[in-house]
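Before any comments, here is the structure.
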Amino acid sequence: MSEAKTLALGPLMLDVEGTALSADDRQRLLDPLVGGVILFSRNYDSPEQLCELTAAIHGLRNPSLIVAVDHEGGRVQRFRDGFTAIPPMRALGELWDSAGAQRAQETAREVGFVLAAELRAHGVDLSFAPVLDVDFGNSSVIGDRALHYDPQVIGTLAVALFRGMQAAGMSAVGKHFPGHGHVRADSHHAVPVDERTIEEIRGADLVPFRRLIAAGLGGIMPAHVIYPRVDDMPAGFSETWLKQILREQLQFSGMVFSDDLSMEGASVVGGVIERAGAALAAGCDMILVCNESAAADRLLAEFDYVMPAVSLIRLARMHGRAAAASMVKLREHPRYVEALRAIAGLGQASGRLPLA
């Protein structure tokens, strides 16, 4: 492998084509606008292959690109064979209801540790988790991805999850700010509109975010949802939500990642150039463009942006730490063995996925 190119990180996170880097992938990832890579199920074939892929990505540049994935458990778990099958996060809320707060928090911490430790052992820096949305029973795209219907319970369980992830060397990204759980529409395919007042949102949806921010949350991802009684722009393109409420009122000092700018929920802003400019101007530090290679290439060719120093500092904190050298070493680690034992059977009573 050639020597890593010294190049400051940029504000763009892209996907890659397959299980190994193509020539086109390498060319895109060496562009100064790029600062990270998000992986999907198509990028995974085996544990050995994933380690080779993440090593290749990290070896391209110095400082290395952030390698991220949506790996929450349940239906949103990109890597399966060779990984522990984590049940949907709702299983932790159900455990809270059936076995009590202490047992649920202890289990949540172990779930967070297993999830993050396995990803770190394969060279992944970051999972876009946990989901902090409140389960109002309205949203099919959120559904059992939500921890609970009680915002206070969500906050408590999410802090425990976060602590487990931290212990394994990974930060966390809470999503989807300020809350996606009250709207029925899926922002992947539509432009959801939430008609509630700011007071209603503060009293429910913002509670978990407030708890995680106080706990030192590293990143937040805003929703492609419009809250017209607060602002007429989707939250990820709204200075009101990102600068006034998130930064000033909630005192969040971590990284703001946009949700995928290729989603339909972002379409109200215009084309990809307009979306990128609007998201960064509103207060995002890093923008995601996924599964649209033509849009990514257009951005790389036409978009002009230098990442501010404060965003570079925030991004540096999202690099993974303290990884096991391999899954073999991880499986020998007493902390990991104890965590697997603690979460064994979680969610099985509800017909959830069994643990590997």
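The shown structure was predicted, so the numbers you read here are calculated from the model rather than taken from an experiment. Sequential numbering from 1 along the given sequence is applied to the chain's residues.
Side-chain contact of Asp260 with His224: a donor-acceptor pair under 3.5 Å is absent, judged by distance alone. No donor-acceptor contact under 3.5 angstrom links the side chains of Asp205 and His182, judged on distance only. Remark: the Glu110 side chain and the Thr107 side chain contain no N/O donor-acceptor pair separated by less than 3.5 Å. Residues Arg202 and Gln249 bring a donor and an acceptor atom of their side chains to less than 3.5 Å of each other. Using modelled atom types, one finds a donor on one side chain and an acceptor on the other under 3.5 Å when comparing Asp125 with His58. Between the side chains of Ser171 and Arg317, no donor N or O sits under 3.5 Å from an acceptor N or O.
Between Asp15 and Arg42, at least one side-chain nitrogen of the basic residue sits less than 4.0 Å from a carboxylate oxygen of the acidic one, meeting the salt-bridge criterion. Checked for salt-bridge contact, Glu72 and Arg145 meet the test: a charged N lies under 4.0 Å from a carboxylate O. The residues Glu118 and Arg331 are annotated as not salt-bridged, no charged nitrogen and carboxylate oxygen being separated by less than 4.0 angstrom.
Within the 4.5 Å cutoff, no side-chain heavy atoms of Thr19 are placed close to those of Leu53. With contacts defined as side-chain heavy-atom distances shorter than 4.5 Å, the pair Ile86/Gln77 qualifies. A heavy-atom distance below 4.5 Å is not found between the side chains of Ile57 and Asp25. Under the 4.5 Å side-chain criterion, counting only non-hydrogen atoms from C-beta, Val225 is not in contact with Val193. Looking at heavy atoms from C-beta onward, Leu315 lies in side-chain contact with Met307 at the 4.5 angstrom threshold. Side-chain contact between Tyr305 and Leu280: present, with at least one pair of heavy atoms (C-beta onward) separated by less than 4.5 Å. Annotation: side chain of Leu126 is in contact with side chain of Phe257 (closest heavy-atom distance under 4.5 Å). For the pair Cys290 and Ile38, the minimum side-chain heavy-atom distance is below 4.5 Å.
In this structure a side-chain-to-backbone donor-acceptor pair under 3.5 Å is missing from Tyr336 to Phe113. Here the side chain of Lys175 pairs no donor or acceptor atom with the backbone of Gly219 at under 3.5 angstrom. Side-chain N or O atoms of Tyr44 include one that pairs as donor or acceptor with a backbone N or O of Asp81 at under 3.5 Å. Arg109 contributes no side-chain N or O that, together with a main-chain N or O of Val159, makes up a donor-acceptor pair within less than 3.5 Å. Using modelled atom types, no side-chain atom of Ser238 and backbone atom of Pro234 make a donor-acceptor pair closer than 3.5 Å. Between the side chain of Glu292 and the backbone N or O of Val289 there is no donor-acceptor pair closer than 3.5 Å.
In this structure, Leu242 and Gly236 approach most closely via the heavy-atom pair CD1-O, 3.8 Å. Nearest heavy-atom pair across Leu119 and Ser127 is CD1-CB, 3.8 Å. The nearest pair of heavy atoms linking Gly18 to Asn43 is O-ND2, 2.8 Å. The nearest pair of heavy atoms linking Ile287 to Ala276 is CD1-CB, 3.4 Å. Nearest approach of Leu157 to Ala108, heavy atoms of both residues: O-CB, 3.8 Å. Considering every non-hydrogen atom in both Ser258 and Leu288, the closest pair reads OG-N, 3.0 Å.
Remark: of the listed residues Asp144, Val131, Val111, Ile154, Val111 is the sole one forming a side chain to side chain contact (heavy atoms under 4.5 Å, CB included) with Met89.
Take Ser64 and apply the side-chain hydrogen bond (donor to acceptor under 3.5 Å, both in side chains) test, not counting sequence neighbours, and it matches no residue.
Legend: salt bridge (charged side-chain N to carboxylate O under 4.0 Å, His left out) pairs involving residues 281-291, not counting sequence neighbours, sorted by first then second residue: Arg247-Asp285, Asp285-Arg314.
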Requested in this report: Output, in order, the C-alpha distance, side-chain angles, deciding distance and verdict of side-chain hydrogen bond (donor to acceptor under 3.5 Å, both in side chains) for Gln49 and Ser46.
Outcome: CA-CA 5 Å; Gln49 167 271 324; Ser46 69; 4.8 Å; no
Requested in this report: Would you check, one step at a time, whether the test side-chain contact (heavy atoms from CB on, under 4.5 Å) holds for Ile220 with Ile213?
Outcome: CA-CA 9 Å; Ile220 279 177; Ile213 289 169; 4.1 Å; yes
Requested in this report: Show your reasoning for whether salt bridge (Lys or Arg N to Asp or Glu O under 4.0 Å) applies to Arg26 and Asp31.
Outcome: CA-CA 9 Å; Arg26 290 179 183 275; Asp31 192 284; over 6 Å; no
**Report entry** Candidate pair Arg275 and Phe237, rule side-chain contact (heavy atoms from CB on, under 4.5 Å), full reasoning
**Finding:** CA-CA 8 Å; Arg275 297 178 196 190; Phe237 303 99; 4.2 Å; yes
Query raised in the report: Run the ring-ring contact (aromatic ring centres under 6.0 Å, His included) check on Tyr149 and Phe136 step by step: do they pass?
Result: CA-CA 6 Å; Tyr149 57 84; Phe136 290 97; 9.9 Å; no
Query raised in the report: After noting the C-alpha distance and the side-chain angles of Met221 and Phe128, does the key distance pass the side-chain contact (heavy atoms from CB on, under 4.5 Å) rule?
Result: CA-CA 8 Å; Met221 177 176 284; Phe128 288 117; 3.8 Å; yes
Query raised in the report: Hey, mind stepping through His148 and Asp135 against side-chain hydrogen bond (donor to acceptor under 3.5 Å, both in side chains) and telling me if it holds?
Result: CA-CA 6 Å; His148 206 267; Asp135 183 8; over 6 Å; no
Requested in this report: Dump the intermediate steps for salt bridge (Lys or Arg N to Asp or Glu O under 4.0 Å) on Glu17 and Arg28, then the final yes or no.
Outcome: CA-CA 11 Å; Glu17 295 174 3; Arg28 291 185 184 108; 3.8 Å; yes
Query raised in the report: side-chain contact (heavy atoms from CB on, under 4.5 Å) between Val34 and Leu14: does it pass, once the steps are laid out?
Result: CA-CA 7 Å; Val34 178; Leu14 299 179; 3.9 Å; yes
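Val76 is not connected to Met165 by any chain of hydrophobic side-chain contacts under 4.5 Å among Ile, Leu, Val, Met, Phe, Trp and Tyr, and they are in different clusters.
Ring geometry for Phe83 versus Phe79: interplanar angle of 30 to 60°, hence tilted. Using cut-offs of 30° and 60° on the angle between ring planes, the pair Phe209 and Phe177 is perpendicular.
To the nearest 0.5 Å, atoms CZ (Arg210) and CD (Gln152) are separated by 9.0 Å. In this structure, CG in Leu30 is found 11.0 Å from CG in Leu300, a value given to the nearest 0.5 Å. To the nearest 0.5 Å, the span separating OG1 on Thr156 from CG on Leu92 amounts to 12.5 Å. To the nearest 0.5 Å, atom CD of residue Glu94 and atom CG of residue Leu147 are 11.0 Å apart. The CD1 atom of Ile201 lies 8.0 Å from the CD1 atom of Ile245; values are rounded to the nearest 0.5 Å. Rounded to the nearest 0.5 angstrom, Gln105 CD and Leu161 CG are separated by 10.5 Å.
Atom CD of Glu302 has more than 12 neighbouring heavy atoms from other residues, nucleotides or ligands inside a 6.0 Å radius. Few gaps surround CZ on Arg335; more than 12 heavy atoms of other groups in view lie less than 6.0 Å from it.
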